Protein chains: 2
Amino acid sequence: MDIQSLKVACSSCNLRELCLPMGLSAPEMVRLEDVVSNRRRVKRGAALFTIGEPFTALYAVRSGFFKTCVTSIDGRDQVTGFQMMGEIIGMDGIVHDQHACDAVALEDAEVCVLPFDKIEQLSREFSALQHHVHKIMSREIVRDQSVMLLLGTMRAEERLAAFLLNLVQRLHARGFSQSELVLRMTREEIGSYLGMKLETVSRTFSRFMDDDIIEVKQRYVLIKDTQGLEALANPHAAAGNAKAERNISAS
Amino acid sequence: MDIQSLKVACSSCNLRELCLPMGLSAPEMVRLEDVVSNRRRVKRGAALFTIGEPFTALYAVRSGFFKTCVTSIDGRDQVTGFQMMGEIIGMDGIVHDQHACDAVALEDAEVCVLPFDKIEQLSREFSALQHHVHKIMSREIVRDQSVMLLLGTMRAEERLAAFLLNLVQRLHARGFSQSELVLRMTREEIGSYLGMKLETVSRTFSRFMDDDIIEVKQRYVLIKDTQGLEALANPHAAAGNAKAERNISAS
DNA sequence: CGACCACTTGACAGCTCTCAAAGGTGGTGG
DNA sequence: CCACCACCTTTGAGAGCTGTCAAGTGGTCG
């Protein structure tokens, strides 16, 4: 245990199937461990990086929970994502060699530092790593597009339902419960992510409770009726929707 | 001219400073031309690719105008972007080896086909190309985040103003007017992108006209007061906003 | 234990959506 | 070449959802 906490070892990390080393061969992973030599602890409320800060590395979340936020010229800010263990942060910084968003820890956290020049160098040697890096960035693009869909077409109930389902789904993939979770963020942060005010988030939680779909006690959430929640997130999915059916039959 | 229309030549393409070959040396560009050997024409209204289609290549827009749209399980769809010449489409497909959105031509268009396996192969040889590919993907992530900010925090007037400013800015970078443009998309498509209904788009255009900030005649738009439009897009930028000022002083 | 922060709830206002009708524009076919 | 049709756009009226403002409660952390 002591040795592990001093030296990073992707090959023994229980996140390796979710994180950067996914799909690498044993010798490749050894070389990767050489690159991923540093860890960094981030206290709750502290920033891993901030807007404008020079970009040098990507970060793999090892433990803890982060939010990323962008800020407009006139000071409005928006949470663009919540990141949990195994997820990669910082790809926004590549294009201008400086970060385009803030990354803030929502609880005490630890990240693996992935110096980007080293990643690029190793990617030129190992096509598996190269392709995986591309996949990670592509996944982020696809995720962002689904958030656009949420923000552009959904109403408050649908947004919050989709948000909760997404969270438990990701937690479940990490070995946690399928129906229980502890929110690491405030109502205001949820609202910022979902494009609604904290009061609306709170009211919507209350409505879900009244409908007996979830149980909420502060940060703790129990999903009592997953199907009901799914129905709230996609209200027209069951009804014979022409477009949806076309998509299903096409695939 | 005939030769050029048969054979792609990045080195003589007037988009090379915006597109994939940016920053490559002469010999590198020659090798790239070998990869970018195919072009494809797409008629107005036709799809360059659709959701679920196998991913094989990225596409560089050579002429014409595209939209990309995602569709939810229950059939709602959302325009996630508009792409003009010099911009790269298709990065959504990398993660699952199939496209996650539709790309539809809004006018007759032509694209350069960039087979992705070839791009990856060449990226392993040329770090300049590798880094540029990363930048293009990172730029897309940053763009998506700014759309989230728009959808999450702005009101109809602000969204449409920001949209118009973004369009003319990109057109201007391509040598077009700074104050005049022709919309290639319908009010409904604008609305889908901006998360509002077509009627609201139309009404907001009318309000801008009443305020003498723009002139609109169907698809044609003349920006009469750029500063006024910027003020509409960032209403609190001028006022002494604490957060904005903190960002300015910090940078 | 106390202060502060997060959360909940209510009342009301306002923005955007919905539904509806009419006017334009561009394309197609006779 | 003209007429017709389909689609896009504009505008109005009213409804509904979410935001705003406000007050009070409860939980958490120093």
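It should be emphasised that the depicted structure is a prediction, and the values quoted were computed from it without experimental measurement. Just so it is clear: chains get the letters A, B, ... in the order the sequence lines come, proteins before strands, and each one is counted from 1.
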Check the interface with nucleotides 3-7 of chain C: list each N/O to N/O pair with the protein under 3.5 Å, or write none.
unit_1: C:dC7; atom_1: OP1; unit_2: A:Arg219; atom_2: NE; d: 3.1
unit_1: C:dC7; atom_1: OP2; unit_2: A:Arg187; atom_2: N; d: 2.8

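- Listed by first then second residue, pairs satisfying side-chain hydrogen bond (donor to acceptor under 3.5 Å, both in side chains) with a partner in residues 214-230 of chain A read A:Glu180-A:Tyr220, A:Asp212-A:Lys224, not counting sequence neighbours.
- The side chain to side chain donor-acceptor pair (under 3.5 Å) test applied to A:Ser138 returns no partner, not counting sequence neighbours.
- When the side-chain contact (heavy atoms from CB on, under 4.5 Å) test is applied to B:Asn14, no partner is found at least two apart in sequence or on another chain.
- For the side-chain contact (heavy atoms from CB on, under 4.5 Å) test, residues two or more places apart in sequence or in another chain that qualify with A:Arg184 are A:Phe65, A:Leu106, A:Glu107, A:Val182.
- In summary, contact between chain A and DNA chain D, defined as any nucleotide atom under 4.0 Å from a heavy atom of the protein, begins and ends at D:dC17 to D:dC29 in the 5' to 3' direction.
- Remark: B:Val42 pairs with B:Ala46, B:Leu48, B:Phe66, B:Ala105 by the side-chain contact (heavy atoms from CB on, under 4.5 Å) rule, at least two apart or across chains.
- With hydrogens and angles left out, the side-chain atoms of B:Glu53 and B:His99 include no donor and acceptor closer than 3.5 Å.
- When the salt bridge (charged side-chain N to carboxylate O under 4.0 Å, His left out) test is applied to A:Lys67, the partners found at least two apart in sequence or on another chain are A:Glu189.
- B:Arg40 is linked by a salt bridge (charged side-chain N to carboxylate O under 4.0 Å, His left out) to nothing, counting only residues two or more places apart in sequence or in another chain.
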Enumerate, atom names and distances included, each donor-acceptor pair closer than 3.5 Å involving a side-chain atom of residues 146-167 of chain B, sequence neighbours excluded.
unit_1: B:Ser146; atom_1: OG; unit_2: B:Arg143; atom_2: O; d: 2.9
unit_1: B:Thr153; atom_1: OG1; unit_2: B:Leu149; atom_2: O; d: 2.8
unit_1: B:Glu157; atom_1: OE2; unit_2: B:Arg207; atom_2: NH1; d: 3.1
unit_1: B:Glu158; atom_1: OE1; unit_2: A:Arg76; atom_2: NH1; d: 2.6
unit_1: B:Glu158; atom_1: OE1; unit_2: B:Arg155; atom_2: N; d: 3.0
unit_1: B:Arg159; atom_1: NE; unit_2: B:Met154; atom_2: O; d: 2.8
unit_1: B:Arg159; atom_1: NH1; unit_2: B:Leu194; atom_2: O; d: 2.7
unit_1: B:Arg159; atom_1: NH1; unit_2: B:Gly195; atom_2: O; d: 3.3
unit_1: B:Arg159; atom_1: NH2; unit_2: B:Leu151; atom_2: O; d: 3.1
unit_1: B:Arg159; atom_1: NH2; unit_2: B:Met154; atom_2: O; d: 3.0
unit_1: B:Asn166; atom_1: OD1; unit_2: B:Arg170; atom_2: NH1; d: 2.9

Quick one: what's the B/S/- string for nucleotides 13-22 of chain C, heavy-atom cutoff under 4.0 Å, read 5' to 3'?
-> --SSSBB---

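- Distance alone, capped at 3.5 Å, places no donor-acceptor pair between the A:Ser202 side chain and the A:Leu198 backbone.
- Atom CZ of B:Arg174 is surrounded by more than 12 heavy atoms from other residues, nucleotides or ligands within 6.0 Å.
- Side-chain atoms of B:Asp92 do not come within 3.5 Å of backbone N or O of A:Val142 as any donor-acceptor pair.
- Comparing the local axis fitted to the first five base pairs of the helix from C:dC1-D:dG30 to C:dG30-D:dC1 with the one fitted to its last five gives a bend of 50°, rounded to 10°.
- Counting any heavy atom pair closer than 4.0 Å across all strands shown, A:Arg44 reaches sugar-phosphate atoms only and no base atom.
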